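See below for the structure under consideration.
Small disclaimer: the values here were computed from a predicted structure and weren't measured.
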Amino acid sequence: MNINRLTFLLLIAVFLIITACKPDIDEPVIKPPETEDPDTTDPPIDDSPLVNITSVQFHADKDAKLIQINTSTDWSIAASDSWIQCTATSGKGKTAILIGVSENLGVKRNGSLTVTSGTKQHTVAITQNAASKIEFTIDDVKFTMILVEAGSFTRSEYGSYYSHEVELDGFYIAETEVTNALWKAVTDALPYDTMSNDIKNNPIFTELNLPVSHIAYADITEIFLPKLNQKLNQYFRMTTEAEWEWAAMGGKYSKRYKYAGGNDIDEVAWTYSNAYGKKNQVKTLKANELGLYDMSGNLSEWCSDWYDSYPSQGVKNPTGPTDGTLRVMRGGNYYSSGLFFDNTECLLNYRYYLVPSCYEVAFPGTEYERVTYRCETVGFRIALPTNH
């Protein structure tokens, strides 16, 4: 056989052997990367707020604060009330604007700003503190309510070793005891009109700038307050005992005097020593730290609480028992007299009580029975919530 032919046959045999021994391996399938259709892709979601705050609080005075609007598109802003103003109500892109409030002459008020950009919306709560005092007028008769800010104090009844903490929200209280002028403007009459001539025609009772007296508790809650609230569209009410004491102390401005406004009783209160057996015009002596008059003297004052022992634990905004037979009285009057070195009835923590009708019966069912009317020296002042 020819050598070349033999070599050729050997090469073919080797090729066939190698081919028969090759492992069966699948070739990987390589796919092209998937691509997004630019016409159907959603834009990225922006979760950042339009404004980085949710609330702003202002003082009662005219004031303004800066806020940042965060958007790259058009925006608009709307205020809920006219006392809230903005330096701009619309624009485009990130913008800093001033939001402001006008002076508040009334109770605490709440409003809002709404920022809108496309489908996004953000609300900012706006709060403005109550005015330090509010003046009201009925038929040319003016009276002023003084703000008593929230706070707490240790309450202890005169003569007791026990005490507890009292916490109170803010409220308004009348600068003076309710006067004859205000009572008449509200009710169209005076309490003395149906009494004997020596009372109803006597200026020492009826002069308009004197505090009103000879009134039972129900005269206040069922006649005066409903008519007052109707005329002024407000929420006037009686003071609670705790509110009365906190206000008489001077609230958070208290200087820890014995009486409302000082340690010299004759400077701050009409009592037996200087009143000569009669009530006196309001705002004629020194006021206390809050600007309140006659809280230690002139007339004793009704409070809304039923009389009972104080609780042993701390309380918040206490209103006293739910029922009872006697109403709390606070503050001395023009018949209060000193005992040793203090005029006890006029001390800030002295409390006593009276039947709501003012009529007290002594020695009932006996030959000594007598009925006494006890409201000649009793008046009241009113309170108002700071927010309603």
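A donor-acceptor contact shorter than 3.5 Å is absent between the side chain of N129 and the backbone of A60. Between the N288 side chain and the A248 main chain, a donor and an acceptor come within less than 3.5 Å of each other. Put simply, the side chain of N201 never gets that close to the backbone of D198: no donor and acceptor are under 3.5 Å apart. Side-chain atoms of N229 come within 3.5 Å of backbone N or O of L225 as a donor-acceptor pair. Under a 3.5 Å cut-off, the side chain of H122 and the backbone N or O of V51 do form a donor-acceptor pair.
The structure places NZ of K279 at 11.5 Å from CG of N333, a figure rounded to the nearest 0.5 Å. Considering CD1 of I97 and CD1 of I67, their distance stands at 4.5 Å, rounded to 0.5 Å. To the nearest 0.5 Å, the span separating CG on L50 from NZ on K94 amounts to 11.5 Å. The OG1 atom of T89 sits 8.5 Å away from the CD1 atom of I77 when rounded to the nearest 0.5 Å. Rounded to the nearest 0.5 angstrom, I126 CD1 and F58 CZ are separated by 5.5 Å. Rounding to the nearest 0.5 angstrom, the gap separating the CH2 atom in W183 from the OG atom in S213 is 10.5 Å.
Under the 4.5 Å side-chain heavy-atom criterion for Ile, Leu, Val, Met, Phe, Trp and Tyr, W302 and L228 are members of the same hydrophobic cluster. Under a hydrophobic clustering in which Ile, Leu, Val, Met, Phe, Trp and Tyr are joined whenever their side-chain heavy atoms come within less than 4.5 Å, directly or via other members, I146 and M238 fall into different clusters. There is no path of hydrophobic side-chain contacts, each under 4.5 Å, that joins W246 to Y310.
Aromatic rings from Y334 and Y276 are positioned such that their centres are separated by 6.0 Å or more. Taking the six-membered ring for Trp and the full ring otherwise, Y172 and Y235 have centroids separated by 6.0 Å or more. Taking the six-membered ring for Trp, Y272 and Y335 have ring centres at least 6.0 Å apart.
Closest non-hydrogen pair, T239 versus A383, comes out as CG2-CB, 3.7 Å. Between S296 and A260 the shortest heavy-atom distance is OG-N, 2.8 Å. The two residues D61 and V101 have their closest heavy-atom pair at O-CG2, 4.3 Å. Residue E360 comes nearest to V355 through the heavy atom pair CG-CG2, 3.7 Å, listed as atom of the first residue, atom of the second, then distance. Here the shortest heavy-atom pairing between L98 and A64 reads CD2-CB, 4.4 Å. Nearest heavy atom pair, residue S357 against residue Y373, reads O-CE1, 4.4 Å.
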Is there a side-chain contact (heavy atoms from CB on, under 4.5 Å) between I173 and L292? Walk through the geometry before answering. CA-CA 9 Å; I173 192 169; L292 304 173; 3.7 Å; yes
Margin query: Applying side-chain contact (heavy atoms from CB on, under 4.5 Å) to Q121 and T114, what does each step give before you reach the verdict?
Written below: CA-CA 7 Å; Q121 198 169 77; T114 301; 3.5 Å; yes
**Prompt:** Under the side chain to side chain donor-acceptor pair (under 3.5 Å) criterion, do S152 and E167 qualify, and how do the steps go?
**Reply:** CA-CA 4 Å; S152 61; E167 182 181 353; over 6 Å; no
Report task. Could you walk me through whether R155 and E165 pass the salt bridge (Lys or Arg N to Asp or Glu O under 4.0 Å) test, one step at a time? Result -> CA-CA 6 Å; R155 183 166 67 170; E165 290 298 310; over 6 Å; no
Problem - Verdict with reasoning, V186 to L182, per side-chain contact (heavy atoms from CB on, under 4.5 Å) - result: CA-CA 6 Å; V186 172; L182 181 56; 4.0 Å; yes
- Task: Evaluate the criterion side chain to side chain donor-acceptor pair (under 3.5 Å) for residue pair S117 and T73; output intermediate values, then yes/no.
- Result: CA-CA 7 Å; S117 178; T73 59; 2.9 Å; yes
Apply side-chain contact (heavy atoms from CB on, under 4.5 Å) to D294 and L299, showing your working.
CA-CA 8 Å; D294 298 321; L299 292 182; over 6 Å; no
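Under the 30°/60° scheme for interplanar angles, the aromatic rings of Y192 and F205 are found to be tilted. Between F136 and F236, the two ring planes are perpendicular [angle over 60°; tilted spans 30° to 60°]. The aromatic rings of Y307 and Y353 lie tilted to each other, with the angle between the two planes from 30° to 60°.
The pair K62-E103 does not count as a salt bridge, with every side-chain nitrogen at least 4.0 angstrom from each carboxylate oxygen. Looking at R327 and D305, no side-chain N of the basic residue comes within less than 4.0 Å of a carboxylate O on the acidic one, giving no salt bridge. Salt bridge E157/R351: present, at least one basic N to carboxylate O contact under 4.0 Å. Between E301 and R381 there is a salt bridge, since a side-chain N of the basic residue sits under 4.0 Å from a carboxylate O of the acidic one. E243 and R237 are joined by a salt bridge, as a carboxylate oxygen and a charged side-chain nitrogen come within less than 4.0 angstrom of each other.
In this structure the side chain of T179 never reaches within 4.5 angstrom of the side chain of L210, judged on heavy atoms. Using a 4.5 Å cut-off on side-chain heavy atoms (C-beta onward), N298 and E177 make contact. For the pair K316/D169, a side-chain contact is recorded, criterion being any heavy-atom separation below 4.5 Å from C-beta on.
For the residue pair W83/Q128, the side-chain donor-acceptor check at 3.5 Å is not satisfied. A donor-acceptor pair shorter than 3.5 Å cannot be found between the side chains of Y158 and E345.
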